[in-house]
Novice: 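Got a structure for you, questions after.
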Amino acid sequence: MTTSHGPSMETHPDIVDMRMRHEMAERATSTPQGQATGMLAFLTGIYLAASPWITGFNGLPTLAVNNLLVGLAYALLMSGGFGRAYERTHSMAWGACALGAWTIIAPWVVAGDVSTTKTILNNVITGALALILALAASTAARAAESPTTPRGMTPPYSTGR
């Protein structure tokens, strides 16, 4: 004789919610647009990290180190280096937006006189691209959170009654 004391483990609201959030993150990152955005963002971060040596302002150590660290952090965030859970995907995109904005203003705010034509052009263009790609990633993550439940999926907190 079996008794039912509530929903089974597979229909438990927390399990259903976790499953849906994982599927949302997968939808946001598995589309061709999501993959292209992620790859372009990763390359933008790698370029930003190497830009002082590529464009020739590695003699300005404060901005060179700033771009190296911010570029690596951006590439790591946008490549999903911290995982693919929905909350992290969405948060990482917003963190990457902040790094893009910082990149734009860095030539004027880091220590020393580093606001040369070369550094300003490099950081404003790279920062704007980083910001746009991060916003695109955030939009994709938000779109995956659509209020409609995909066909064949159980809505959250449904007990099947």
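This is a predicted model, so every value here is computed, not measured.
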Novice: If you group Ile, Leu, Val, Met, Phe, Trp and Tyr by side-chain heavy-atom gaps below 4.5 Å, do Ile125 and Val109 land in one group?
Specialist: no

Novice: What are the two closest heavy atoms between Ala134 and Met78, and how far apart are they?
Specialist: CA-CE, 3.8 Å

Novice: In the hydrophobic clustering that connects Ile, Leu, Val, Met, Phe, Trp and Tyr at side-chain heavy-atom distances below 4.5 Å, which members other than Met39 occupy its cluster, ordered by chain and number?
Specialist: Phe42, Leu43, Ile46

Novice: Find the distance between CZ (Phe57) and OG1 (Thr117) and round it off to the nearest 0.5 Å.
Specialist: 12.5 Å

Novice: Could you state the interatomic distance from CG (Asn122) to OG1 (Thr116), rounded to the nearest 0.5 Å?
Specialist: 9.0 Å

Novice: On a heavy-atom basis, which atom in Ala106 and which in Leu63 lie closest, and how many Å separate them?
Specialist: CB-CD1, 4.0 Å

Novice: Could you name each residue pair satisfying side chain to side chain donor-acceptor pair (under 3.5 Å) that touches residues 102-113, not counting sequence neighbours?
Specialist: Asn66-Trp102

Novice: Transitive ILVMFWY cluster of Ile54 at side-chain heavy atoms under 4.5 Å: who else is in it?
Specialist: Tyr47

Novice: Would a single hydrophobic cluster contain both Val114 and Ile105, if residues Ile, Leu, Val, Met, Phe, Trp and Tyr are joined by side-chain heavy-atom contacts under 4.5 Å?
Specialist: yes

Novice: Residues in side-chain contact (heavy atoms from CB on, under 4.5 Å) with Ala49, at least two apart?
Specialist: Leu68, Leu72

Novice: Would you mind reporting whether Leu60 and Pro52 have side-chain heavy atoms less than 4.5 Å apart?
Specialist: no

Novice: Leu99: which residues meet the side-chain contact (heavy atoms from CB on, under 4.5 Å) condition with it, sequence neighbours left out?
Specialist: Val70, Ala73, Tyr74, Leu77

Novice: Hydrophobic cluster mates of Leu69, side-chain heavy atoms under 4.5 angstrom, ILVMFWY only, any path?
Specialist: Val65

Novice: Can you name the residues that form a side-chain hydrogen bond (donor to acceptor under 3.5 Å, both in side chains) with Asn67, not counting sequence neighbours?
Specialist: Ser51, Asn123

Novice: What are the two closest heavy atoms between Pro107 and Ile104, and how far apart are they?
Specialist: CD-O, 3.5 Å

Novice: Apply side-chain hydrogen bond (donor to acceptor under 3.5 Å, both in side chains) to Thr62 and list each qualifying residue two or more places apart in sequence or on a separate chain.
Specialist: none

Novice: What's the separation between atom OG1 in Thr44 and atom CG in Leu129, rounded to the nearest 0.5 Å?
Specialist: 4.0 Å

Novice: Not counting sequence neighbours, which residues clear side-chain hydrogen bond (donor to acceptor under 3.5 Å, both in side chains) with Thr37? List them please.
Specialist: none

